[in-house]
Amino acid sequence: MQAPKQRQNSSRTRRRRGGHGIMKKQQSVVCKSCNKKIVSHRVCPYCGTYKGKEMIDVTKSVKNKAEKK
């Protein structure tokens with residue numbers, strides 16, 4: 001087998017491997033309040049809580065969307 005004639009520089013290697021991180025699956029956890037699967041380190045879109053504390057009033061945002069329609 002032949003050896004490469006020149007060393008491949010790091011930027012070329014990194015460009016080739018650029019898409020490797022895209023293929024990773026996102027971590028999902030179970031929400032402590034509503035027991036639905038959500039993406040980790042995010043506010044739950046179903047109940048609006050993060051780490052057991054209410055961050056977003058989901059009922060208010062649902063009413064606002066209904067009024068706009």
Side-chain angles (χ1 to χ4, degrees):
M1 190 170 156
Q2 292 180 341
K5 288 188 177 183
Q6 286 185 335
R7 179 179 183 267
Q8 194 174 42
N9 63 10
S10 58
S11 64
R12 186 178 182 99
T13 305
R14 289 179 187 141
R15 254 185 277 138
R16 188 181 67 245
R17 295 180 185 164
H20 289 191
I22 297 170
M23 295 179 220
K24 287 185 181 177
K25 202 173 186 182
Q26 283 188 334
Q27 284 261 320
S28 63
V29 294
V30 177
C31 178
K32 293 177 183 177
S33 303
C34 61
N35 295 323
K36 292 191 177 184
K37 278 194 166 189
I38 58 170
V39 180
S40 63
H41 303 289
R42 303 287 190 282
V43 175
C44 178
Y46 304 105
C47 62
T49 58
Y50 180 70
K51 291 189 178 180
K53 297 177 185 176
E54 188 175 346
M55 297 291 167
I56 302 171
D57 189 13
V58 178
T59 56
K60 184 179 177 183
S61 64
V62 170
K63 287 178 185 176
N64 288 342
K65 287 180 182 178
E67 289 176 3
K68 286 182 181 179
K69 288 183 180 181

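As a basis for the values below, the full set of heavy atoms in this structure was taken, side chains included, without hydrogen atoms, waters or symmetry mates. Keep in mind that what you see is a predicted model, and the values were worked out from it rather than measured.
- The neighbour count for Q27 CD, taken as heavy atoms of other residues, nucleotides or ligands under 6.0 Å away, does not exceed 12.
- At most 12 heavy atoms of other shown residues, nucleotides or ligands fall within 6.0 angstrom of atom CZ in R12.
- Here Q6 pairs with nothing under the side chain to side chain donor-acceptor pair (under 3.5 Å) rule; sequence neighbours left out.
- Separating the OG atom in S10 from the CZ atom in R15 is a distance of 9.5 Å, to the nearest 0.5 Å.
- Listed by first then second residue, pairs satisfying side-chain hydrogen bond (donor to acceptor under 3.5 Å, both in side chains) with a partner in residues 30-46 read S33-T49, not counting sequence neighbours.
- There is no path of hydrophobic side-chain contacts, each under 4.5 Å, that joins I38 to V30.
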